[in-house]
Amino acid sequence: TTISGTEVKSDAEGKYSFPGLAEGTYNFRAMGPDWYYTAYKNDVAVTADVTGVDFTLEAKSFQIAITVWDKASLAKVRGAHVQVWTQDETPVLVGEGDTSSSGTIPNINLKGQLGTYTVKATAAGYADFVNDAYKPTSYGTNRYSIMMEKAYTVSGVVKNEEGLPVAGAEVYVNKKGSDDRYTRVPDLFDETAEDGSWSFQLGAGDYQFQIMADGYLSSFSTYATVSDADVTGVETVLSWTTTRVSGTFYDADSFAKIKEGHIEFWTQGENPVKVAEADGNLSGAYSGITLKGVTGTYDVVSSAPGYATLR
């Protein structure tokens, strides 16, 4: 018989208590969230205070039965490697397996909440597959099909406005969807080599490449269409970020403006390079200094007729 008012919730440490129970023999039942099995403690005699009536809740299990298909031919893909990841702040790999000769993984066993998972699949000759919105529907066996696309090499190079390669640029891939919008393809990223080159293995579709590098404006203007062959020679030209400098020459003692001053900006290091210079006008002002690329520290040299050079 259930006694009215004798239901309590455990605290943050999992502890619980029933104060004021009359003497007798009781059955206790512990129920967690719906992804746990209910646990029981029966025939607990209460003649005084009783401690140590502990429960261990077992998480419910479920399975994902996976079949991997070639999207074009609908042939099953053998030897594909499939992983299932949580979507926590730090994702955890909770299950993985390789497809058999029949293109299947009978069961990837999981326990716990029926939440949203990320499923990844890789196979030789195919573009990587990622679904970051997979939701098992029931405890027991959930059947899931993965459609993989043949992979083609898409490669290109990143240069600056002088035609020199840009090394260390970050290249991300956006794919065009049925709504004609480009969205980021998860986990696809490359960094350009010393010669500015990059490459991806991609399935058929329309792609946009987002390219970013220190000292340059980000580019969203590189596109490629993949059908049934490799795509090479995709070139991107990055424009430098610019910083403009202007100012006025003053006499340090009188604060009068100095006519015909001259200012130079030099890089620092073993082999300094003059990157910009300008002359002051009759009112002592100068402008037209444009510094390109990564913001840094410069040596500034100022001079004017009748004055000591200032560094």
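We number each residue from 1, following the sequence as shown. Every value quoted in this text rests on a predicted model; they were computed, and no experiment measured them.
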Heavy-atom side-chain proximity of Phe265 to Ile289 below 4.5 angstrom: yes

Between Val171 and Val226, is there shared hydrophobic-cluster membership here, with clusters defined by ILVMFWY side-chain heavy atoms closer than 4.5 Å? yes

Heavy-atom neighbours of Glu260 CD exceed 12 at 6.0 Å: no

Would you indicate whether the side-chain heavy atoms of Asn174 and Gln210 approach each other to under 4.5 Å? yes

Is there a path of hydrophobic side-chain contacts, each under 4.5 Å between heavy atoms of I, L, V, M, F, W or Y residues, that connects Val82 with Leu188? no

State, without any angle test, whether Thr86 and Asp88 hold a side-chain donor-acceptor pair at a distance under 3.5 Å. yes

Between Thr25 and Asp43, is any side-chain donor less than 3.5 angstrom from a side-chain acceptor? no

Is the backbone of Lys159 close enough, under 3.5 Å, to the side chain of Glu235 for a donor and an acceptor to pair up by distance? no

How about Phe209 and Trp198: are their ring centres within less than 6.0 Å of each other? yes

How about CD on Glu194, more than 12 heavy atoms from neighbouring residues, nucleotides or ligands closer than 6.0 Å, or not? no

Would you be so kind as to tabulate the donor-acceptor pairs closer than 3.5 Å made by side chains of residues 54-70, with sequence neighbours excluded?
from: Lys60; atom 1: NZ; to: Asp34; atom 2: O; distance (Å): 3.0
from: Trp69; atom 1: NE1; to: Ser145; atom 2: OG; distance (Å): 3.4
from: Asp70; atom 1: OD1; to: Ala72; atom 2: N; distance (Å): 2.9
from: Asp70; atom 1: OD1; to: Ser73; atom 2: N; distance (Å): 2.9
from: Asp70; atom 1: OD1; to: Ser73; atom 2: OG; distance (Å): 3.4
from: Asp70; atom 1: OD2; to: Tyr126; atom 2: OH; distance (Å): 2.7

Considering only heavy atoms from C-beta outward, does the side chain of His81 approach that of Glu96 to under 4.5 Å? yes

Please answer whether the main-chain N or O of Phe220 pairs with a side-chain N or O of Gln208 as donor and acceptor at a distance below 3.5 Å. yes

When rounded to the nearest 0.5 angstrom, what is the spacing between CD in Glu264 and OG in Ser303? 6.5 Å

Taking the six-membered ring for Trp, is the centroid-to-centroid distance between Tyr40 and Phe28 below 6.0 Å? no

Could you check whether any side-chain N or O of Asn42 sits under 3.5 Å from a backbone N or O of Asn27, counting only pairs where one atom can act as donor and the other as acceptor? no

Kindly state whether the ring of Tyr139 and the ring of Tyr37 have centres lying under 6.0 angstrom apart. no

Between Ser100 and Ser102 (side chain of the first, backbone of the second, donor and acceptor by atom type, cut-off under 3.5 Å), is there such a pair? yes

So Asp128 and Thr122, side-chain hydrogen bond (donor to acceptor under 3.5 Å, both in side chains) or not? Walk me through it. CA-CA 5 Å; Asp128 291 352; Thr122 57; 5.4 Å; no

Pair Gln87-Trp85, side-chain hydrogen bond (donor to acceptor under 3.5 Å, both in side chains): steps then yes or no: CA-CA 7 Å; Gln87 293 195 345; Trp85 293 77; over 6 Å; no

Working for side-chain hydrogen bond (donor to acceptor under 3.5 Å, both in side chains), residues Gln201 and Thr153: CA-CA 5 Å; Gln201 296 292 308; Thr153 298; 2.7 Å; yes

I need the Ser239 OG to Asn160 CG distance, nearest 0.5 Å. 9.5 Å

Report yes if the distance between the aromatic ring centroids of Tyr172 and Phe189 is under 6.0 Å, otherwise no. yes

Taking Thr241 for the side chain and Leu217 for the main chain, is one N or O donor matched with an acceptor at less than 3.5 Å? no

Around atom CZ of Arg184, are there more than 12 heavy atoms of other residues, nucleotides or ligands at under 6.0 Å? yes

More than 12 heavy atoms of other residues, nucleotides or ligands under 6.0 Å from CG of Asp11: is that the case? yes

So, Asp180 side chain and Lys176 main chain: donor-acceptor pair closer than 3.5 Å or not? no

Between the OG1 atom in Thr248 and the CD1 atom in Ile263, the distance rounded to the nearest 0.5 Å is 10.5 Å

Before you tell me yes or no, could you show the steps for Leu291 and Tyr298 under side chain to side chain contact (heavy atoms under 4.5 Å, CB included), namely the whole-Å CA-CA distance, both residues' side-chain angles and the distance that decides it to 0.1 Å? CA-CA 10 Å; Leu291 304 176; Tyr298 296 85; 3.8 Å; yes

Looking at Gly168, is its backbone amide N or carbonyl O close enough to the side chain of Thr192 to form a donor-acceptor pair, meaning the two atoms are under 3.5 Å apart? yes

Hydrophobic clusters here meaning ILVMFWY residues chained together by side-chain heavy-atom distances under 4.5 Å, can you tell me if Val275 and Val245 are in one? yes

Could you measure the distance from the CD atom of Glu170 to the CD atom of Glu191? Nearest 0.5 Å is fine. 6.5 Å

Return a table of donor-acceptor pairs under 3.5 angstrom between the side chains of residues 13-24 and protein atoms on other chains or two or more places apart.
from: Glu13; atom 1: OE1; to: Lys15; atom 2: NZ; distance (Å): 3.4
from: Tyr16; atom 1: OH; to: Val53; atom 2: O; distance (Å): 2.6

Gap separating the CG atom of Leu282 from the NZ atom of Lys257, nearest 0.5 angstrom: 12.0 Å

Can you find a pair of side-chain heavy atoms, one from Asp251 and one from Ser254, that are under 4.5 Å apart? yes

Kindly compute the distance separating CZ (Arg143) from OG1 (Thr104), expressed to the nearest 0.5 Å. 10.0 Å

So Asp190 and Phe200, side chain to side chain contact (heavy atoms under 4.5 Å, CB included) or not? Walk me through it. CA-CA 8 Å; Asp190 196 14; Phe200 293 98; 3.5 Å; yes

Could you walk me through whether Tyr286 and Phe249 pass the ring-ring contact (aromatic ring centres under 6.0 Å, His included) test, one step at a time? CA-CA 8 Å; Tyr286 71 90; Phe249 296 97; 5.3 Å; yes

Checking Asn107 side chain against Asn109 main chain: does a donor-acceptor pair fall under 3.5 Å? no

side-chain contact (heavy atoms from CB on, under 4.5 Å) against Asp279, all qualifying residues, sequence neighbours excluded: His262

Kindly determine whether Thr236 and Thr222 satisfy side-chain hydrogen bond (donor to acceptor under 3.5 Å, both in side chains), including the steps that lead there. CA-CA 6 Å; Thr236 304; Thr222 303; 2.5 Å; yes

Flag side-chain contact, heavy atom, 4.5 Å: Leu114 against Lys135: no

Transitively linked via ILVMFWY side-chain contacts under 4.5 Å: Tyr152 with Val234? yes

Dump the intermediate steps for side chain to side chain contact (heavy atoms under 4.5 Å, CB included) on Leu110 and Val84, then the final yes or no. CA-CA 9 Å; Leu110 302 175; Val84 180; 4.2 Å; yes

Take Lys175 and Tyr182, measure what side chain to side chain contact (heavy atoms under 4.5 Å, CB included) needs, and give me the verdict at the end. CA-CA 5 Å; Lys175 188 175 183 179; Tyr182 288 91; 5.7 Å; no

Before accepting this row, confirm whether a basic side-chain N of the pair Asp187/Lys120 lies closer than 4.0 Å to the acidic partner's carboxylate O. yes

Donor-acceptor pair, side chain of Thr99 and main chain of Ile105, under 3.5 angstrom: no

Does Thr116 reach the main-chain N or O of Tyr134 with its side chain, forming a donor-acceptor pair under 3.5 Å? no

Within the structure provided, determine whether Val154 and Asp230 are in side-chain contact (heavy-atom separation under 4.5 Å). no

Tyr117 reachable from Ile146 in the ILVMFWY side-chain graph, under 4.5 Å edges: yes

